[in-house]
Amino acid sequence: MICSVSLLHVPPLPHRASPTPNPITHLLHNFSSPFELKQVHAHLLKTNSPLSSIPLLRVASVCALNSSFSYAKLIFELVDASEVALWNTCLRSLAEGDSPVDAISLFYRLREFDVCPDNYTCSFVLKACSRLLDVRNGRIVHGYVEKLGLQSNMFLLNMIVHLYALCGEMGVARMVFDKMPQRDVITWNIMIAQLVKRGDIEGAYKLFVEMPERNVRSWTSMIGGYAQCGKPKEAVDLFLEMEEAGLLPNEVTVVAVLVACADMGNLDLGRRIHDFSNRIGYHKNIRVCNTLIDMYAKCGCLDDAYRIFNDMEERTVVSWSAMIVGLAAHGQAEEALAFFNKMINTGMKPNAVTFIGILHACSHMGIVGKGRKYFASMTKDYGIIPRIEHYGCMVDLFSRAGLLQEAHEFIMNMPIAPNGVVWGALLGGCKVHKNIKLAEEATRHLSELDPLNDGYYVVLSNIYAEAGRWEDVARVRRLMRDRGVKKTPGWSSIMVEGMVHNFVAGDETHPQTEEIYKTWEKLLERMKLEGYVPNTSVVLLDMEDDQKEKFLFRHSEKLAVVFGLIKTGPGTVIRIMKNLRVCEDCHAALKIISVVSTREIVVRDRNRFHCFKNGSCSCGDYW
DNA sequence: ATAGGGTTAG
């Protein structure tokens, strides 16, 4: 009996669609026991089927794994190829199939029956270990690699380093890495990517600097790492450096740098990457488009986000969710919900993030009833178990709407432990709706859950200040000092001609400070004619009103807007980024500025967008 | 034969 070698490459393929639903054919390709094999065998004899219809390697694998090892060997005698090579092919299909454990079992049987593993054998078993995160067997295979004298095979050592790192054994990975007589780019890249994944961006950067040569993947890992850990500036700088070095970004690089652009609101670079992607063809890539949607939405350009979404030939749940989350952040609740309906109608299944967007939209527009409905529907209709984020949205929804008691009860009845964000949402509602008692309750939990977050102390002291309880304000201040908590200084930034200009309150460091304040004075006169009245109650210091006005007029977002008016031509949209939330006075001022300057002003707040146009804001003053 | 990618509440 001779069989054609092409048979060797018939994979087990449990998924293979059989044109004729013949149960025997099906069994032949999917059997997993010698008993089933006998049935097949009997059938083949009866029908006199050609031998070429038999997937020999699968037969051998199943036999070997089911204590008919010698039978398996017999099969291999029929084939004109070396025995190890045949076993290696079996191992590979097992390692890459949906039962990698079998590859490991087969490996041990090979040893039992004196089949000597070679470098390929080891590579496939290591692959199986990686897929299973099985470091125990990995260690054993590592031992064999050394015993077989393969300890200088870079392929294998790379896989071993990768395996240890994947399984969280960074120390061992590092030791193997350090001991390697030679390393290639991949060795370094494996270490860098794994360090980044474990959040050790500094460790990764050290290796990145140290490595003798870097390829696109090395750069991409670092850029992605910085983008992910909230250091978008570093990510962008590295990206520019990479371009300088003459390397061409790939799709993954583009995604990574776009995430950074989104985070820091760097629209200029984001647009440039978009152009580049269109030129080079990356715009056909779904992930690139999803990230572009998010980038544009986070940079305040919903129209552009929508254009990307619209032009996509294929969309995933992420594309839809990115749009919904973006619309929610812009306060366009109705549109967000309309999007959700369209999404459902196209048969797309929403996920947990989709609902974060939906609930976010409801809470920002105060549509409590709908929020409740969606929260219930999420589990009932889509089987999604609410996560802490969803509970946070609900507490925010109730709190903003003034349903503070309900919010409190909701927290007490949560099936999972509330975190700082959840109590923080209640605290925020307490400030808007002036409820000192519940604010104090929230604060009690917050000083346990998130004692170093300055924001909560600030809100509480603001609540006291508004009520004129200055001795309590002083007490909170003391508490902050005792705990070493410092108030984050507010800043606003604006990008002009590719340069970021940053302003803090009362800023006098900007080279054009004088011009800015002069322009502000002139602007202020026109604003007052339009009905602007400074709202000094937002200045929570115990002082005279004219003093307060001085503080008020030097808020960073006002300075940034004035600078934008000076530096950009008529009709240009002014885009501001802010690290905290917009104060009530600035909010009122920006509405009026949008009228007297006939400009659109988009402010990205700590957690949403305000789009000021013709005297009103997209948030509908509910924020 | 060996290395990666997006959306997330305040």
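A, B, ... follow the sequence lines: proteins, then strands. Residue 1 opens every chain.
Look at A:Phe155 and the base of B:dA1; the rings stack, centres closer than 5.5 Å and planes less than 30° apart.
At the heavy-atom level, A:Arg400 lies under 4.0 Å from the strands shown only through sugar-phosphate atoms. Residue A:Ile356 is classed as a base contact, given a heavy-atom separation below 4.0 Å to a base. Looking at heavy-atom distances under 4.0 Å, A:Ser319 makes contact with a base. Among the protein residues, A:Ile293 comes within range of no part of the nucleic acid, since none of its heavy atoms lies under 4.0 Å from any strand. Residue contacts shown for A:Val254 are absent, as no nucleic acid heavy atom lies under 4.0 Å away. Among the protein residues, A:Thr316 comes within range of the nucleic acid bases, having at least one heavy atom under 4.0 Å from a base atom. Heavy atoms of A:Tyr456 sit under 4.0 angstrom from at least one base atom.
Nearest nucleotide to the side chain of A:Asn189, out of B:dT7, B:dA3, B:dG5: B:dA3. Taking only side-chain atoms of A:Arg387, from C-beta outward, the nucleotide of B:dT8, B:dG10, B:dA9 with the closest atom is B:dT8. Closest approach to the A:Asn158 side chain among B:dA9, B:dT2, B:dT7 is made by B:dT2 (side chain taken as heavy atoms from C-beta onward). Distance from the side chain of A:Phe124 is smallest for B:dA1 among the nucleotides B:dT7, B:dG10, B:dA1. Of the listed nucleotides (B:dT7, B:dG4, B:dG5), B:dT7 has the atom at the smallest distance from the side chain of A:Lys298. Counting only heavy atoms from C-beta on, A:Asn250 has its side chain closest to B:dG4 among B:dG4, B:dA3, B:dG5. For A:Lys127, taking side-chain heavy atoms from C-beta onward, the closest of the listed nucleotides B:dT2, B:dT7, B:dG5 is B:dT2. When each of B:dT8, B:dT2, B:dA3 is scored by its nearest atom to the side-chain atoms of A:Asp184, the top-ranked nucleotide is B:dT2. Distance from the side chain of A:His162 is smallest for B:dA3 among the nucleotides B:dA3, B:dA1, B:dG10. Closest to the A:Val288 side chain, of the nucleotides B:dG10, B:dG5, B:dA1, is B:dG5.
Taking 4.0 angstrom as the limit, A:Arg92 places a side-chain polar atom (N or O) nearer than this to OP1 or OP2 of B:dA1. For A:His364 and B:dA9, the shortest distance from a side-chain N or O to OP1 or OP2 is not below 4.0 Å.
Atom CD1 of A:Ile384 is separated from atom P of B:dT8 by 16 Å (rounded to the nearest Å).
Applying a 4.0 Å cut-off to non-hydrogen atoms, the residues of residues 214-230 of chain A that approach DNA chain B are A:Asn215, A:Arg217, A:Thr220, A:Gln228, listed by residue number. Non-hydrogen atoms lying under 4.0 Å from DNA chain B are contributed by A:Asn419, A:Val421, all within residues 417-430 of chain A.
A donor-acceptor pair is defined here as one N or O able to donate and one able to accept, closer than 3.5 Å; such a pair exists between the side chain of A:Ser492 and the backbone of A:Glu557. Under a 3.5 Å cut-off, the side chain of A:Asn579 and the backbone N or O of A:Trp491 do form a donor-acceptor pair.
You'll find the ring centres of A:Phe340 and A:Trp320 outside the 6.0 Å limit.
At a threshold of 4.0 Å, the pair A:Asp178-A:Arg174 counts as salt-bridged, since one of the basic side-chain nitrogens sits closer than that to a carboxylate oxygen. Ion pairing between a basic and an acidic side chain is recognised when a charged N comes within 4.0 Å of a carboxylate O; A:Glu406 and A:Arg372 show such pairing.
Scanning both residues, A:Asp263 and A:Met577, for their nearest heavy atoms gives O-CE, 4.2 Å.
In this view, A:Glu241 satisfies the salt bridge (charged side-chain N to carboxylate O under 4.0 Å, His left out) rule with no residue, not counting sequence neighbours.
With a 4.5 Å cut-off on side-chain heavy atoms, A:Leu292 and A:Leu258 count as touching. At a threshold of 4.5 Å between non-hydrogen side-chain atoms, the residues A:Met154 and A:Met180 count as touching.
With a 6.0 Å cutoff to the six-membered ring centre and a 45° limit on the axis angle, A:Lys127 does not count as a cation-pi contact of A:Phe124.
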